[in-house]
Amino acid sequence: MKQELSALIQQALDALKAQGVLPADISPTIQIDRTRDPSHGDLASNVALTLAKAAGKNPRELAALICQALPEATFVKSTDVAGPGFINFFLSEASSQAVVQRILEQGERFGCSDEGKGRKVQVEFVSANPTGPLHVGHGRGAAVGDSLCRLLAATGWDVSSEFYYNDAGAQISNLALSVQARCKGLGPDDASWPEDGYRGDYIKDVASAYMAGEKIDAEDRHVTGAADADDLDAIRDFSVAYLRREQDLDLKAFDVHFDVYFLESSLYESGAVEQTVDTLIANGHTFEQEGALWLRTTDFGDDKDRVMRKREGGYTYFLPDVAYHQNKWQRGFARVINEQGADHHSTVTRVRAGLQALDAGIPEGWPEYVLHQMVMVMRSGQEVKLSKRAGSYVTLRDLIDEVGRDATRYFLVARGPGSQITFDIDLALSQSNDNPVYYIQYAHARVCSVLRKLEEAGGQWQAADGLAQLDRLGEEHEAALLKQLDKYPEVVANAARNSEPHTVATYLRELAGDFHTYYNAHKVLEDDTALRDARLALSVAVKQVIANGLALLGVSAPESM
RNA sequence: GGGGGUAUAGCUCAGUUGGAUAGAGCAACGGCCUUCUAAGCCGUGGGUCGAGGGUUCGAAUCCUUCUACCCCCGCCA
């Protein structure tokens, strides 16, 4: 619709140029916006404002001239010059109502687009090391990352979700030692408890499962407990598999799925890390100092140079990071989006710098990052500290079990990643109406309820009947709904393009609000069957869009509440 | 000291990429269930958009200088 209007304005401008009213050498980009206030029509353009100076006319006068020069079009009912010089467009009822038909025809595909054109995109998120259950921060990453995947898939991208972790580093030896200590009956307060060991109770569970010879099936590995407290290698393998499985269960309960699990250790095994070092050296971006090998990341915008190979010979985590992203590049992803906690933001410049230094033709802004801020957890008015080592943090599973998946997901994805959020457990537990996810789901359930009511009364409704009567939708509340529904595909496209899933949540809140208002003001199941059919069509369209939108957030759309 | 983030109603947050009179929810107050689910609706009150300067027809939004809070700044990941 915006495109059609834009074309009309272009024609008007051309006509004015031909008449000599406008200088021939101007070529403005024509901007069309949705209006906020219904009295401003449905769509508006500011061309007259942007062109006024070049045209040497005052904006309102110019707007009037453009209006007069606009060709007739069936979908435009009227135009108006308003405010400082906006051109307001009032669409014909038929063209506003047509959105209902599009929704009913396209069903769950409504809102989808082909913007990605089948190109490959990867979203890496969560990427927690297997040293403990997932906490709320991981939950936020999971909610945002998974929603991004759904958005990208809906907009025509070939999406691959990826989970990256380390099963071999210092953290993992630490884990193995902790489990071993538990196997031997030690506790965190004993003198011989490993320094920096993991103190959480879950370590005890890992130990007893290991000693019981349990068989562990994680998504990407399978291990049986050797029940030998002296075999540290066996303990390590078992512990990693056990905690990976725990995380899998957390993610499954959250309805989050990964296509690929990628091991940091594989980068060493394949020689990718060595190759990366060699390339960086060959490209002349490195230097040696005090026995360590450095990469001159300051050449690429970093604020200081970084060590790649330590004096004692091992690599810092920075190097596998670069090797890993080179690997992603080689896999042919047009876009890579890394969803991480904001505490990792310093790696952004570093990794990009490393990739530039490879001189492999990787774009400067690649990969993209979505960084989410901390999640503060409150209980009884007090902050619960998130500390893996202390083992006293609130796990994602706790929240899902207590609050429910839908509410947890919605809460974690409904706000911009940049905003710090406070997860108030008492509030979430209190079953109060504070959580807007119910508000949205309720709108969906209400439509289902109306349909059930119709059926109980022996009535029937078919899409075709409703679509034939769309011109009966003349109420103000109906106009507002139609306009809101029409906006949906744009919301999805923008959310996917800008990696902002929370805008979908905001949109759904508005749509649900519009529907509740409408529902209270007008009866759907009218005796007048033509009117009834039209309103049912509109209601079913609302139900469809809510279901589509909630699906993008990974939240269910219940038929009844 | 350097880098990043944030600052909008009492509280939690939106704000359509620079548009018209800045919006929701919660909290407060007042109304609406013999009629499709009241997890709902309607109404009232509540704001120097952190502060100053700049850019222009027009700024919560862009630039700049401050202030406050959070995160990062290791040859840890």
Side-chain angles (χ1 to χ4, degrees), chain A residues 31 33-37 39-40 44 46 48-50 52-53 58-59 82-86 88 127 129 131 165-166 169-172 264 289-294 302-304 306-318 320-321 341-349 371-374 376 414-422 424 427 431-443 445-454 456-457 487 490-491 494 497-498 502-503 505-507 509-510 512-513 515-526 532 535-536 539 560-561:
Chain A
Q31 188 184 329
D33 290 312
R34 289 169 194 284
T35 59
R36 184 173 303 196
D37 185 338
S39 70
H40 296 150
N46 60 357
L49 291 163
T50 56
K53 188 173 270 185
N58 86 57
F86 290 103
N88 292 337
S127 292
N129 281 342
T131 54
Y165 72 99
N166 188 2
Q171 287 186 47
I172 301 299
E264 182 184 328
Q289 187 179 310
E290 294 170 22
L293 183 66
W294 296 65
D302 204 356
D303 54 352
K304 56 171 91 162
R306 307 290 170 176
V307 170
M308 298 192 305
R309 191 172 58 217
K310 299 182 246 181
R311 195 181 313 155
E312 41 87 359
Y315 295 117
T316 62
Y317 67 90
F318 164 49
D321 270 2
D343 53 338
H344 286 92
H345 87 263
S346 60
T347 66
V348 176
T349 3
L371 302 177
H372 64 257
Q373 290 292 326
M374 301 285 110
M376 214 88 84
R415 283 156 205 187
S419 75
Q420 299 187 57
I421 55 184
T422 302
D424 188 328
L427 188 69
Q431 295 278 0
S432 72
N433 314 331
D434 296 343
N435 206 317
V437 67
Y438 297 127
Y439 182 86
I440 297 167
Q441 290 180 319
Y442 184 41
R446 269 188 150 168
V447 178
C448 296
S449 169
V450 171
L451 291 172
R452 279 195 301 271
K453 204 78 186 178
L454 174 73
E456 282 166 20
K487 219 168 105 175
E490 232 171 90
V491 170
N494 284 332
R497 199 176 301 137
N498 304 327
H502 74 281
T503 56
T506 305
Y507 168 85
R509 182 67 182 67
E510 291 168 1
F515 181 73
H516 287 310
T517 296
Y518 172 57
Y519 181 91
N520 273 273
H522 301 285
K523 196 168 176 180
V524 176
L525 298 180
E526 288 280 359
R532 182 199 72 185
R535 289 183 173 174
L536 279 167
S539 301
S560 64
M561 307 274 299

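Below, read A as the first sequence line, B as the second, and so on, with proteins coming before strands; counting in each chain starts at 1.
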* **Selection from B:A38, B:G2, B:C76 that lies nearest to any side-chain heavy atom of A:Asp303** => B:G2

* To do: Searching all strands shown, indicate the nucleotide that pairs with B:A51 (Watson-Crick or G-U wobble; both distances under 3.5 Å).
  => B:U65

* Rounded off to whole Å, could you give me the CZ-to-C1' distance for the A:Arg36 and B:A60 pair? => 11 Å

* NA contact type, A:Ala170, heavy-atom cut-off 4.0 Å: base, sugar-phosphate, or nothing? -> nothing

* Which glycosidic conformation, syn or anti, is assigned to B:C33 if syn requires a torsion within 90° of zero? -> syn

* **From B:C57, B:A20, B:C13, nucleotide with atom closest to A:Ser419 side chain** => B:C13

* To do: Go through B:A20, B:U16, B:G5 for me and flag the one nearest to the A:Arg34 side chain.
  => B:U16

* Counter-base of B:G40, judged by Watson-Crick or G-U geometry with both distances under 3.5 Å -> B:C32

* Output the single nucleotide from B:G19, B:A20, B:C36 whose closest atom is nearest the side chain of A:Asn46. => B:G19

* Does a nitrogen or oxygen in the side chain of A:Tyr439 sit under 4.0 Å from OP1 or OP2 of B:C41? -> yes

* Which atom of A:Gln373 lies closest to which atom of A:Gly418, heavy atoms considered -> CG-O, 3.0 Å

* Examine the base of B:U12 for any acceptor or donor lying under 3.5 Å from a partner atom in the side chain of A:Arg415, and report the outcome as yes or no. => no

* Asked: Can you check the A:Tyr315 OH to B:A77 C1' distance for me, whole Å?
  -> 18 Å

* Asked: Checking all strands, does A:Tyr519 fall into the base, sugar-phosphate, or nothing category for heavy-atom contacts under 4.0 angstrom?
  -> base

* Structure fact -> Of the candidates B:A39, B:A77, B:C13, the side chain of A:Ile421 sits closest to B:C13

* Asked: Within the structure shown, what part of the strands sits under 4.0 Å from A:His522 by heavy-atom distance: base, sugar-phosphate, or nothing?
  -> base

* Asked: For atom C1', what is the distance between B:C32 and B:C13, given to the nearest Å?
  -> 28 Å

* Whole-Å C1' distance, B:C66 and B:G25 -> 34 Å

* Base, sugar-phosphate, or nothing for A:Ser346, non-hydrogen atoms under 4.0 angstrom? -> sugar-phosphate

* Pair assignment for B:U56, Watson-Crick or G-U wobble, requiring both distances under 3.5 Å -> none

* To do: Give one of base, sugar-phosphate or nothing for A:Gly418, where a contact means two heavy atoms less than 4.0 Å apart.
  => sugar-phosphate

* To do: Give, for atom CZ of A:Arg446 and atom CG of A:Leu451, the distance between the pair rounded to the nearest 0.5 Å.
  => 14.0 Å

* Touch class at under 4.0 angstrom, heavy-atom based, for A:Arg306 against every strand present -> nothing

* Asked: Looking only at atom C1', what distance separates B:G47 and B:A9, rounded to whole Å?
  -> 6 Å

* Once you round it to whole Å, what is the distance between C1' of B:G23 and CG of A:Asp37? -> 13 Å

* Asked: Once you round it to whole Å, what is the distance between P of B:C36 and CZ of A:Arg452?
  -> 14 Å

* Distance-only polar pair, side chains of A:Asp37 and A:Ser39, donor-acceptor under 3.5 Å -> yes

* Where is the tightest heavy-atom contact between A:Lys523 and A:Arg535, given as atom of each residue plus distance? -> O-NH1, 2.8 Å

* Could you check how far CE of A:Met376 sits from P of B:C69, rounded to whole Å? => 14 Å

* **A:Phe86 aromatic ring stacked with six-membered ring of B:A20, 5.5 Å and 30°** => yes

* Asked: With a 4.0 Å cut-off on heavy atoms, is A:Asp33 in touch with a base, just the backbone sugar-phosphate, or nothing at all?
  -> sugar-phosphate

* Rounded to the nearest Å, what distance is computed from the CG atom of residue A:Asn129 to the C1' atom of nucleotide B:C76? -> 12 Å

* Asked: Which comes earlier along RNA chain B counting from the 5' end, the contact point of A:Arg311 or that of A:Thr503, where each point is its nearest nucleotide?
  -> A:Thr503

* To do: Compare the aromatic ring of A:His345 with the six-membered base ring of B:G5 and state whether they stack according to the 5.5 Å and 30° rule.
  => no

* Looking only at side-chain N and O atoms, does A:Arg535 come under 4.0 Å of OP1 or OP2 in B:C36? -> no

* Side chain to side chain, A:Arg452 and A:Ser560, heavy atoms closer than 4.5 Å -> yes

* When we call it a touch if two heavy atoms are under 4.0 Å apart, what does A:Lys453 touch: a base, just sugar-phosphate, or nothing? -> sugar-phosphate

* To do: Could you check whether A:Ala52 gets within reach of a base, just the sugar-phosphate, or nothing at all, counting any heavy atom under 4.0 Å?
  => nothing

* Using the P atom in both, what is the distance from B:G45 to B:G2, to the nearest Å? -> 47 Å

* Taking all non-hydrogen atoms of both residues into account, name the closest pair between A:Tyr439 and A:Gly513 and its distance. => OH-CA, 3.0 Å

* **Inter-nucleotide P distance (B:A77, B:G15), Å rounded** => 37 Å

* B:G31 and B:C69: how far apart are their P atoms, nearest whole angstrom? -> 45 Å

* Asked: Any donor-acceptor pair under 3.5 Å joining the side chain of A:Asn88 to the base of B:A20?
  -> yes

* Structure fact -> Closest to the side chain of A:Lys53, out of B:A20, B:G3, B:U56, is B:U56

* **Contact summary for A:Ala342 and A:Leu371, nearest pair of heavy atoms** => CA-CB, 4.0 Å

* Can you tell me how far the CD atom of A:Glu290 sits from the NZ atom of A:Lys310, to the nearest 0.5 Å? -> 15.5 Å

* Look at the side-chain N and O atoms of A:Lys304 and state whether any lies under 4.0 Å from the OP1 or OP2 oxygen of B:G74. => yes

* **Nucleotide nearest A:Glu264 (side chain, heavy atoms from C-beta), chosen from B:C76, B:C73, B:A77** => B:A77

* Distance between C1' atoms of B:A22 and B:A14 (Å, rounded) -> 11 Å

* Contact under 4.0 Å: A:His502 side-chain N or O vs B:G15 OP1/OP2 -> yes

* Asked: CG of A:Asp321 versus P of B:C76: gap in Å, rounded?
  -> 14 Å

* Closest to the A:Arg509 side chain: B:G25, B:C13, B:C75? -> B:G25

* Asked: When you measure from the side chain of A:Met561, which nucleotide among B:U35, B:A39, B:G40 comes out closest?
  -> B:A39

* Nucleotide nearest A:Thr517 (side chain, heavy atoms from C-beta), chosen from B:C42, B:A20, B:U35 -> B:C42

* What are the two closest heavy atoms between A:Pro84 and A:Pro59, and how far apart are they? -> O-CB, 3.3 Å

* Is the base of B:A39 touched by the side chain of A:Tyr438 through a donor-acceptor pair closer than 3.5 angstrom? -> no

* A:Asn129 (side chain) donor-acceptor with A:Asn166 (main chain) under 3.5 angstrom -> yes

* To do: Using atom NE2 of A:His344 as one end and atom P of B:G74 as the other, report the distance to the nearest whole Å.
  => 14 Å

* **Nearest-angstrom distance, C1' atom, B:C71 to B:A60** => 24 Å

* Sugar-phosphate only, base, or nothing, as touched by A:Gly416 at under 4.0 Å among non-hydrogen atoms -> sugar-phosphate

* Could you check A:Leu49 against A:Asp343 and say which one's nearest nucleotide on RNA chain B is further toward the 5' end? => A:Leu49

* To do: Looking at every strand, decide which applies to A:Ala443 at a 4.0 Å heavy-atom threshold: base, sugar-phosphate, or nothing.
  => nothing

